[in-house]
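Take this structure, written in structure tokens, and hold onto it; I'll ask about it next.
Since the structure is predicted, the reported quantities are computational estimates derived from the model, not experimental observations. Atoms within each ligand, like the ligands themselves, are counted from 1 in listed order.
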Amino acid sequence: MNSMNRTLRRYSFPVSLVLGGGLAAAAGTQLASYSVPSGLSFGCALCICSTFTSFLQTVAEALTTTTHRCRKEGCDFAVRLGAQAAENRRWQEIAATHPHRH
Ligand SMILES: [Zn+2]
């Protein structure tokens with residue numbers, strides 16, 4: 001895993017949470033200006049925060065994760081990892097030589 005991936009993994013959650021919280025606060029403020037009850041605004045803001053945070057986490061994980069799959073048709077063996085190059089190669093070989101009983 002290169003240093004950019006490590007940095008992305010390390011800071012993806014706090015950054016996602018801050019961005020999601022900011023978006024939620026903006027939406028909550030707008031809803032409050034329309035006299036939406038605070039309990040309803042809070043619920044909407046919480047949903048926006050959790051959805052946006054989860055979305056950004058998924059994007060960060062996709063950018064820093066490699067998936068190695070068995071190439072035999074019908075086999076669903078797969079390994080997902082965010083490892084260093086040597087470990088990555090090792091799992092790539094394991095997936096390529098995945099044993100089958102039939
Ligand atoms: Zn297989």
Worksheet item: Between OG1 of T66 and CG of N88, what distance do you get to the nearest 0.5 Å?
Response: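 Going from OG1 on T66 over to CG on N88, the span is 4.5 Å.
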
Worksheet item: Given side chains that start at C-beta, do those of Q84 and N5 come closer than 4.5 Å, heavy atoms only?
Response: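 When only atoms from C-beta onward are counted, N5 and Q84 do not touch, as no gap falls below 4.5 Å.
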
Worksheet item: Looking at residues at least two apart in the chain, or sitting in another chain, which of them share a side-chain hydrogen bond (donor to acceptor under 3.5 Å, both in side chains) with Q92?
Response: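 Testing Q92 for side-chain hydrogen bond (donor to acceptor under 3.5 Å, both in side chains), a comparison that skips the adjacent residues, returns none.
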
Distance-only check: which donor-acceptor pairs under 3.5 Å involve side-chain atoms of residues 51-59, not counting sequence neighbours?
from, atom 1, to, atom 2, distance (Å)
T51, OG1, C47, O, 2.8
T53, OG1, S16, O, 3.4
T53, OG1, C49, O, 2.7
Q57, NE2, S12, O, 3.4
Q57, NE2, S12, OG, 2.9
T58, OG1, S54, O, 2.9

Worksheet item: With a cut-off of 2.8 Å, which protein N/O/S atoms are close to the Zn ion (ligand 1), if we only count those under it?
Response: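 Near the Zn ion (ligand 1), the protein supplies C70 SG, C75 SG, H98 ND1, H100 NE2.
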
Donor-acceptor list for residues 18-33 side chains, cut-off 3.5 Å, not counting sequence neighbours:
from, atom 1, to, atom 2, distance (Å)
T29, OG1, A25, O, 2.7
S33, OG, Q30, O, 2.6

Worksheet item: About how many Å separate NE2 of H68 and CG of L81, when rounded to the nearest 0.5 Å?
Response: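 It comes to 5.0 Å.
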
